[in-house]
Amino acid sequence: MKEIIIYYSRTGENYVNGSIKTLTKGNTEVAAEMLKKLTGADLFQLEQVNHYSNDYNVCINEAKKDQRENARPKLKAVPENLLEYDTIYLGYPNYWGSMPMAVFTFLEQFDFTGKTIRPFCTHEGSGMGTSESDIQKTCPSATVEKGLPLHGANVIHAEQQIKKWIK
Ligand SMILES: Cc1cc2nc3c(=O)[nH]c(=O)nc-3n(C[C@H](O)[C@H](O)[C@H](O)COP(=O)(O)O)c2cc1C
(Lines give C-alpha, C1' and ligand atoms only; values in the text may rest on other atoms or scores of the structure.)
Protein backbone atom coordinates (compact mmCIF):
# COMPACT_ATOMS: atom_id res chain seq x y z
CA MET A 1 0.00 0.00 0.00
CA LYS A 2 1.10 3.53 -0.70
CA GLU A 3 1.47 6.60 1.45
CA ILE A 4 0.48 10.17 0.69
CA ILE A 5 1.35 13.50 2.28
CA ILE A 6 -1.55 15.94 2.16
CA TYR A 7 -0.78 19.41 3.44
CA TYR A 8 -2.02 22.95 3.77
CA SER A 9 0.46 25.82 3.87
CA ARG A 10 0.39 29.56 3.22
CA THR A 11 2.89 31.85 1.52
CA GLY A 12 3.06 35.57 2.27
CA GLU A 13 3.81 37.54 5.40
CA ASN A 14 4.56 35.58 8.54
CA TYR A 15 6.43 36.06 11.79
CA VAL A 16 9.92 34.62 11.74
CA ASN A 17 11.55 34.86 15.17
CA GLY A 18 9.86 38.10 16.08
CA SER A 19 9.81 40.02 12.78
CA ILE A 20 7.50 39.96 9.79
CA LYS A 21 8.98 38.36 6.66
CA THR A 22 7.46 37.45 3.32
CA LEU A 23 7.76 33.72 2.77
CA THR A 24 7.70 32.43 -0.79
CA LYS A 25 7.28 28.91 0.57
CA GLY A 26 5.22 28.19 3.67
CA ASN A 27 6.74 26.41 6.69
CA THR A 28 4.46 23.39 6.44
CA GLU A 29 5.34 23.02 2.77
CA VAL A 30 9.04 22.90 3.70
CA ALA A 31 8.27 20.13 6.21
CA ALA A 32 6.06 18.28 3.70
CA GLU A 33 8.84 18.28 1.12
CA MET A 34 11.35 16.94 3.67
CA LEU A 35 8.88 14.19 4.53
CA LYS A 36 8.48 13.37 0.86
CA LYS A 37 12.24 13.12 0.46
CA LEU A 38 12.47 10.76 3.45
CA THR A 39 9.46 8.54 2.67
CA GLY A 40 8.97 8.69 -1.09
CA ALA A 41 5.26 9.24 -0.44
CA ASP A 42 3.04 11.07 -2.91
CA LEU A 43 2.46 14.76 -2.20
CA PHE A 44 -0.75 16.80 -2.47
CA GLN A 45 -1.32 20.42 -1.48
CA LEU A 46 -4.71 21.62 -0.26
CA GLU A 47 -5.40 25.13 -1.55
CA GLN A 48 -8.37 27.32 -0.78
CA VAL A 49 -10.26 28.84 -3.70
CA ASN A 50 -10.19 32.12 -1.78
CA HIS A 51 -6.70 32.37 -0.37
CA TYR A 52 -6.25 34.16 2.91
CA SER A 53 -4.49 37.50 2.50
CA ASN A 54 -0.72 37.83 2.08
CA ASP A 55 -0.98 40.53 4.73
CA TYR A 56 -0.40 38.78 8.06
CA ASN A 57 -2.84 40.84 10.12
CA VAL A 58 -5.62 40.55 7.55
CA CYS A 59 -5.04 36.80 7.31
CA ILE A 60 -5.20 36.41 11.08
CA ASN A 61 -8.65 37.99 11.09
CA GLU A 62 -9.94 36.08 8.07
CA ALA A 63 -8.86 32.78 9.61
CA LYS A 64 -10.30 33.71 13.00
CA LYS A 65 -13.65 34.58 11.42
CA ASP A 66 -13.75 31.24 9.57
CA GLN A 67 -12.98 29.39 12.76
CA ARG A 68 -15.59 31.29 14.76
CA GLU A 69 -18.20 30.55 12.11
CA ASN A 70 -17.09 26.92 11.77
CA ALA A 71 -16.74 27.64 8.04
CA ARG A 72 -15.69 25.13 5.40
CA PRO A 73 -13.64 27.15 2.90
CA LYS A 74 -13.87 25.70 -0.63
CA LEU A 75 -10.81 23.85 -1.91
CA LYS A 76 -9.43 24.13 -5.44
CA ALA A 77 -9.02 20.36 -5.57
CA VAL A 78 -8.84 17.25 -3.44
CA PRO A 79 -7.21 13.91 -4.34
CA GLU A 80 -9.40 11.91 -6.72
CA ASN A 81 -9.60 9.15 -4.13
CA LEU A 82 -7.57 7.72 -1.28
CA LEU A 83 -8.26 4.05 -2.00
CA GLU A 84 -4.65 3.11 -2.76
CA TYR A 85 -3.29 4.72 0.41
CA ASP A 86 -3.21 3.19 3.87
CA THR A 87 -1.24 5.98 5.52
CA ILE A 88 -2.04 9.65 5.16
CA TYR A 89 0.46 12.15 6.50
CA LEU A 90 -1.60 15.26 7.17
CA GLY A 91 0.29 18.56 7.49
CA TYR A 92 -1.00 22.01 8.46
CA PRO A 93 -0.05 25.12 10.40
CA ASN A 94 -1.48 25.56 13.87
CA TYR A 95 -4.26 28.16 13.44
CA TRP A 96 -5.79 29.43 16.65
CA GLY A 97 -4.93 26.27 18.55
CA SER A 98 -6.27 23.90 15.89
CA MET A 99 -6.10 23.61 12.08
CA PRO A 100 -7.10 25.86 9.19
CA MET A 101 -10.81 25.25 8.55
CA ALA A 102 -9.99 24.15 4.99
CA VAL A 103 -8.39 21.02 6.45
CA PHE A 104 -11.80 20.12 7.91
CA THR A 105 -13.28 20.72 4.43
CA PHE A 106 -10.89 18.05 3.14
CA LEU A 107 -11.36 15.55 5.97
CA GLU A 108 -15.15 15.59 5.68
CA GLN A 109 -15.04 14.50 2.04
CA PHE A 110 -13.45 11.08 2.55
CA ASP A 111 -14.01 7.80 4.33
CA PHE A 112 -10.93 7.00 6.41
CA THR A 113 -12.02 3.53 7.53
CA GLY A 114 -8.96 1.29 7.79
CA LYS A 115 -6.59 4.20 7.23
CA THR A 116 -3.97 5.72 9.49
CA ILE A 117 -3.62 9.48 9.70
CA ARG A 118 -0.25 10.76 10.87
CA PRO A 119 -0.59 14.50 11.60
CA PHE A 120 2.27 16.99 11.60
CA CYS A 121 2.03 20.70 12.13
CA THR A 122 4.16 23.81 12.22
CA HIS A 123 3.48 26.34 14.95
CA GLU A 124 4.86 29.25 16.93
CA GLY A 125 4.43 27.86 20.41
CA SER A 126 1.13 25.98 20.62
CA GLY A 127 2.38 22.63 19.34
CA MET A 128 -0.36 20.33 18.01
CA GLY A 129 -3.02 22.22 20.01
CA THR A 130 -6.32 20.32 19.83
CA SER A 131 -5.72 19.22 16.24
CA GLU A 132 -5.19 15.51 16.90
CA SER A 133 -8.50 15.15 18.73
CA ASP A 134 -10.20 17.42 16.18
CA ILE A 135 -9.04 15.05 13.42
CA GLN A 136 -10.22 12.01 15.39
CA LYS A 137 -13.64 13.58 15.96
CA THR A 138 -13.96 14.46 12.28
CA CYS A 139 -12.74 11.02 11.14
CA PRO A 140 -13.99 8.59 13.81
CA SER A 141 -13.15 5.51 11.74
CA ALA A 142 -9.50 6.49 11.20
CA THR A 143 -6.55 5.56 13.36
CA VAL A 144 -5.05 8.91 14.28
CA GLU A 145 -1.47 8.63 15.49
CA LYS A 146 0.40 11.01 17.74
CA GLY A 147 1.42 14.03 15.73
CA LEU A 148 4.71 15.77 15.13
CA PRO A 149 4.80 19.47 16.12
CA LEU A 150 7.58 21.48 14.45
CA HIS A 151 8.61 25.04 15.25
CA GLY A 152 7.66 26.94 12.07
CA ALA A 153 10.48 29.49 12.14
CA ASN A 154 13.10 26.70 12.45
CA VAL A 155 11.53 24.22 10.10
CA ILE A 156 14.53 24.15 7.77
CA HIS A 157 16.40 22.37 10.58
CA ALA A 158 13.64 19.82 11.20
CA GLU A 159 14.90 16.94 9.07
CA GLN A 160 16.29 14.88 11.99
CA GLN A 161 13.08 15.31 13.99
CA ILE A 162 11.04 14.18 11.00
CA LYS A 163 13.36 11.21 10.40
CA LYS A 164 12.94 10.06 13.99
CA TRP A 165 9.16 10.44 13.87
CA ILE A 166 8.57 8.45 10.68
CA LYS A 167 10.28 5.33 12.05
C1 LIG B 1 -4.18 32.69 11.08
C2 LIG B 1 -3.03 32.21 11.89
C3 LIG B 1 -3.23 31.70 13.18
C4 LIG B 1 -2.16 31.19 13.91
N5 LIG B 1 -2.41 30.68 15.16
C6 LIG B 1 -1.38 30.12 15.85
C7 LIG B 1 -1.60 29.54 17.14
O8 LIG B 1 -2.71 29.55 17.70
N9 LIG B 1 -0.54 28.98 17.76
C10 LIG B 1 0.71 28.95 17.23
O11 LIG B 1 1.61 28.42 17.85
N12 LIG B 1 0.94 29.51 16.00
C13 LIG B 1 -0.05 30.09 15.31
N14 LIG B 1 0.19 30.64 14.06
C15 LIG B 1 1.53 30.53 13.50
C16 LIG B 1 1.62 29.44 12.45
O17 LIG B 1 1.13 28.22 12.96
C18 LIG B 1 3.06 29.22 11.98
O19 LIG B 1 3.62 30.41 11.54
C20 LIG B 1 3.13 28.16 10.88
O21 LIG B 1 4.45 27.70 10.76
C22 LIG B 1 2.66 28.67 9.52
O23 LIG B 1 2.73 27.63 8.59
P24 LIG B 1 2.69 27.86 7.00
O25 LIG B 1 3.86 28.76 6.66
O26 LIG B 1 2.86 26.49 6.44
O27 LIG B 1 1.37 28.45 6.66
C28 LIG B 1 -0.85 31.19 13.36
C29 LIG B 1 -0.65 31.74 12.09
C30 LIG B 1 -1.71 32.25 11.35
C31 LIG B 1 -1.45 32.83 9.99
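Positions are given from 1 along the sequence. All ligand and atom numbering here is 1-based and tracks the order in the structure.
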Chemist: Report the nearest protein non-hydrogen atom to atom 9 (N) of ligand 1: residue, atom name, distance rounded to 0.1 Å.
Modeler: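 Residue, atom and distance for the closest contact: Ser126 OG, 2.6 Å.
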Chemist: In terms of residue, atom name and distance, what is the protein heavy atom nearest to atom 21 (O) of ligand 1?
Modeler: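 Ranking protein heavy atoms by distance from atom 21 (O) of ligand 1, first comes Thr122 OG1, 2.6 Å.
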Chemist: May I ask you to check whether Tyr56 and Tyr15 place their ring centres under 6.0 Å from each other?
Modeler: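 That pair passes the under 6.0 Å test.
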Chemist: When you measure from atom 12 (N) of ligand 1 to every protein heavy atom, which one gives the shortest distance, and what is it?
Modeler: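 For atom 12 (N) of ligand 1, the nearest protein heavy atom comes out as Glu124 N, 3.3 Å.
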Chemist: Just to confirm my output: which protein heavy-atom neighbour is closest to atom 6 (C) of ligand 1, and how far is it?
Modeler: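 Looking at atom 6 (C) of ligand 1, the protein heavy atom closest to it is Asn94 O, 3.2 Å.
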Chemist: Which residue and non-hydrogen atom of the protein lie closest to atom 5 (N) of ligand 1, and at what distance in Å?
Modeler: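 The closest one turns out to be Trp96 N, 2.9 Å.
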Chemist: Identify, by atom number and element, the atoms of ligand 1 in contact range of Thr28, meaning under 4.0 Å from any of its heavy atoms.
Modeler: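 So the answer, numbered in order with elements, is 23 (O), 24 (P), 26 (O).
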Chemist: For ligand 1, which atoms, with element, lie under 4.0 Å from some heavy atom of Ile60?
Modeler: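 Near Ile60, meaning under 4.0 Å from one of its heavy atoms, ligand 1 has 1 (C), 2 (C), 3 (C), 30 (C).
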Chemist: Under 4.0 Å from ligand 1, counting heavy atoms only, is it the side chain of Asn14, its backbone, both or neither?
Modeler: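 Asn14 to ligand 1: side-chain contact only, backbone stays beyond 4.0 Å.
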Chemist: Tell me, do Asn70 and Phe104 make a side-chain contact under 4.5 Å, heavy atoms counted?
Modeler: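 Answer no - side chains too far apart.
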Chemist: Near Asn81 CG, under 6.0 Å, is it more than 12 heavy atoms from other residues, nucleotides or ligands?
Modeler: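 Yes.
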Chemist: List the closest protein heavy-atom neighbour of atom 25 (O) of ligand 1: residue, atom name, distance to the nearest 0.1 Å.
Modeler: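 Ranking protein heavy atoms by distance from atom 25 (O) of ligand 1, first comes Asn27 N, 2.7 Å.
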Chemist: Relative to the ring of Phe106, is the ring of Phe112 parallel (under 30°), tilted (30 to 60°) or perpendicular (over 60°)?
Modeler: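 It falls in the perpendicular class, over 60°.
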Chemist: Output the list of atoms in ligand 1 that are nearer than 4.0 Å to some heavy atom of Cys59, sorted by atom number.
Modeler: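 Every atom of ligand 1 under 4.0 Å from some heavy atom of Cys59: 31 (C).
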Chemist: Answer side chain, backbone, both or neither: which part of Ala63 comes under 4.0 Å from ligand 1, heavy atoms only.
Modeler: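 The answer is the side chain of Ala63.
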Chemist: May I ask you to list the atoms of ligand 1 that are less than 4.0 angstrom from any heavy atom of Gly152?
Modeler: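 Counting atoms of ligand 1 from 1, those under 4.0 Å from Gly152 are 21 (O).
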Chemist: Considering only non-hydrogen protein atoms, determine which one is nearest to atom 27 (O) of ligand 1 and report residue, atom name and distance to 0.1 Å.
Modeler: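 Result: Arg10 N, 3.0 Å.
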Chemist: Verify, without hydrogens or angle tests, whether Glu62 (side chain) and Ser53 (backbone) share a donor-acceptor contact under 3.5 angstrom.
Modeler: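 Answer holds: yes.
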Chemist: Check the pair Tyr95 / Asp66 against side-chain hydrogen bond (donor to acceptor under 3.5 Å, both in side chains), numbers first and verdict last.
Modeler: CA-CA 11 Å; Tyr95 273 14; Asp66 275 353; over 6 Å; no
Chemist: Could you tell me which atoms of ligand 1, counted from 1 in the order shown, lie closer than 4.0 angstrom to a heavy atom of Gly97?
Modeler: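 Taking each heavy atom of Gly97 in turn, ligand 1 has 7 (C), 8 (O) under 4.0 Å.
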Chemist: Do the side-chain N and O atoms of His157 and Asn154 include a donor-acceptor pair separated by under 3.5 angstrom?
Modeler: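 Absent: no donor and acceptor within the cut-off.
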Chemist: Taking only heavy atoms of Gly125 into account, list the atoms of ligand 1 that are under 4.0 Å away from them.
Modeler: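 Contacts of ligand 1 toward Gly125, numbered from 1: 11 (O).
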Chemist: Could Arg68 and Trp96 be counted as a cation-pi pair, given that NZ or CZ must be under 6.0 Å from the ring centre and within 45° of the axis?
Modeler: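 The answer is no, since Arg68 fails at least one limit relative to Trp96.
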Chemist: Nearest 0.5 Å, what's the CG-CD distance between Leu90 and Glu145?
Modeler: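 So the gap between those two atoms works out to 13.0 Å.
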Chemist: So among Gln48, Gln67, Glu69, which one has a side-chain contact (heavy atoms from CB on, under 4.5 Å) with Met101?
Modeler: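 Among the candidates, only Gln67 passes.
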Chemist: Which heavy atom of the protein is the closest neighbour of atom 30 (C) of ligand 1, given with residue, atom name and distance?
Modeler: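 The closest heavy atom on the protein side is Tyr95 CE1, 3.5 Å.
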